[in-house]
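Per chain, numbering begins at 1; letters A, B, ... match sequence-line order. Heavy atoms only: backbone and side chains are in, while hydrogens, waters and symmetry mates are out. None of these values were measured; they are calculated from a predicted model.
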Amino acid sequence: MEEKKVILDIRNFSVSFEQYEKGFRKTGLPVIRNLDVTIREGEMVAVVGSSGSGKSLLAHGILGILPYNATMGGELVYDGELLTKERQKALRGNEIVLVPQSVAFLDPLMKIGPQIRKGKKDQASREKLNGIFEGYHLKNEVQELYPFELSGGMNRRVLVSTAMMGNPRLVIADEPTPGLHMAMVRRVMSHFRELADQGAGVLLITHDLEQALEVADRVVVFYAGTTVEDADAKDFRSEETLRHPYSKALWRALPQNGFQFIRGTQPYVKDLPEGCPFGPRCEWYTEACKGEISCREVRGGRVRCVRAV
Amino acid sequence: MVLEAKNISFQYGRDTKQILENFSLRMESHERVGIVAPSGFGKTTFCKILSGYEKPDGGEVLLDGKPLSSYGRYCPVQMIWQHPEQVVNPRLRMREVLKQGDEIEEYIVEGLGIEEDWKNRFPAEISGGEMQRFCIARALGRRTRFLLADEISTMLDLITQSQIWSFLIGEVERREIGLLAVSHSMPLLESVCTRIIDLEHL
Ligand SMILES: Nc1ncnc2c1ncn2[C@@H]1O[C@H](COP(=O)(O)OP(=O)(O)O)[C@@H](O)[C@H]1O
Ligand code: SF4
Ligand SMILES: [Mg+2]
């Protein structure tokens, strides 16, 4: 099989926050560490992690819209070249689009229609938007309204429409469906899938593994700020085909596999254990898990675990 | 005990669509009933009626043959909401929220993984998953006989979801509480319930 072209290569990516504690400046609370993700043309990659674990920061890092007190490390390579601040700015909203988690990303002072069309007034843009709105059960009149005049669910569909408007090469969807009805969730997901099938790369960031498995080609499992496994979506059909103990735990927690769960919670970045972040919950834990754990290739996937085979 | 909805009809206002029409359901406390239907079909509305939050236009809800109102201030039919933040007073600390219902035994709070320092926080200071655990605990008061779980785990990650469900299943079995679970996930209902009702294809 021919290797598809890599659109975005995220290498050893990190985000940390400057912290002030008791009047002293304390730099570097690392919220994301050693994160590697590759997105190819025509591919939909899901990053799955629990809510509040810092997944949005990954999206914001790629687009260059991290908050001012955040520091980014590692490399982002887009289309074979380093993704610099200037390039991020130039590509943002055109080649690279974000479907943000929060509806607060809509401009409150701009009517919906012009906002999504980015000021374009030509007939083709108008017709395209009308078509997209129809698919999402949004009346054309909505284009004449301001975000505050819409319900949460409507604003969310507006946000998704933004991604469908241009011809994006890379779509970053950050928890794009909360509060939407199931049927609408399916529709949104199938539209992302279509974008990928037309050649775009899609990065879906979500807490919902079941949703991810329905549409994504690959699943990257995110735990305590880092990627622990990068697997083909098919690998989630059985426990044996998965590599990392946490991915296996996710598998066992699925309802059809009997709601078996592991004790404990994900550690906060402030009190990460030494060595493997999953260590305290891991039944395979040994001496070797006390050091820095690097990523390895195992059976065609990648895993951050010393004992995975 | 037996919970019965008899010929329930309901609409939210005069000129709005009829949501439930002559709908009946009977379940016993040893049962775990799953409900599936498309969004907007009236699942949440039905739960609200079954737990006394909404009065039906026609028909009645009976618990062991008697109307819910005859059971006093604490309703033995308790509902857990899909969006728990909507039914929690934002000005109360979680510790007080827990005390709003019936007496709750400590092992429930522990079993649901509620941590001591969450109790001192206000609703805005905890995550959706943490909030949902408090609301489940609150619904499991001593006098609860039926529990209505309306899409309670859609917002939760898998491990949290499985912790909550395995606790709930154990608890309703042990106390013989009847469970009505609404969900769009068939695998979930199939592993939780003893019978599943598809409202759309009755
Ligand atoms: N408070 C309300 N006022 C008016 N209409 C409502 C209200 N709550 C729900 N509805 C409408 O009633 C219908 C059924 O809603 P609901 O019971 O929430 O369905 P489900 O839980 O199956 O998704 C929907 O069309 C919804 O828009
Ligand atoms: S590195 Fe060690 S502790 Fe971490 S997941 Fe692997 S076996 Fe478990
Ligand atoms: Mg509902």
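Heavy-atom minimum distance, His207(A) versus Leu156(B): CD2-O, 3.5 Å.
Proximity to chain A (any heavy atom under 4.5 Å) is shown, for Ser153(B), by neither the backbone nor the side chain. Of the two parts of Ile169(B), only the side chain, counted from C-beta on, holds a non-hydrogen atom closer than 4.5 Å to a non-hydrogen atom of chain A. Of the two parts of Glu190(B), neither the backbone nor the side chain holds a non-hydrogen atom closer than 4.5 Å to a non-hydrogen atom of chain A.
Other residues, nucleotides and ligands contribute at most 12 non-hydrogen atoms within 6.0 Å of the CZ atom of Arg237(A). Counting non-hydrogen atoms of neighbouring residues, nucleotides and ligands closer than 6.0 angstrom, the NZ atom of Lys119(B) exceeds 12 such neighbours. Atom CD of Glu125(B) sits in a crowded spot, with more than 12 heavy atoms from other residues, nucleotides or ligands closer than 6.0 Å. Atom CZ of Arg195(B) has more than 12 heavy atoms from other residues, nucleotides or ligands within 6.0 Å.
By the 4.5 Å heavy-atom criterion applied to side chains, Glu210(A) and Leu158(B) are counted as neighbours.
Atom CG of Asp157(B) sits about 7.5 Å away from atom CD of Gln266(A), to the nearest 0.5 Å.
No other option in Leu188(B), Thr160(B), Thr154(B), Leu189(B) has as many heavy-atom pairs under 4.5 Å with chain A as Leu188(B).
Of residues 254-262 of chain A, those residues lying under 4.5 Å from chain B by any heavy-atom pair are Leu254(A), Pro255(A), Gln256(A), Phe259(A), Gln260(A), Phe261(A), Ile262(A). Contacts between residues 244-252 of chain A and chain B, defined by a heavy-atom separation under 4.5 Å, are made by Tyr246(A), Ala249(A), Leu250(A).
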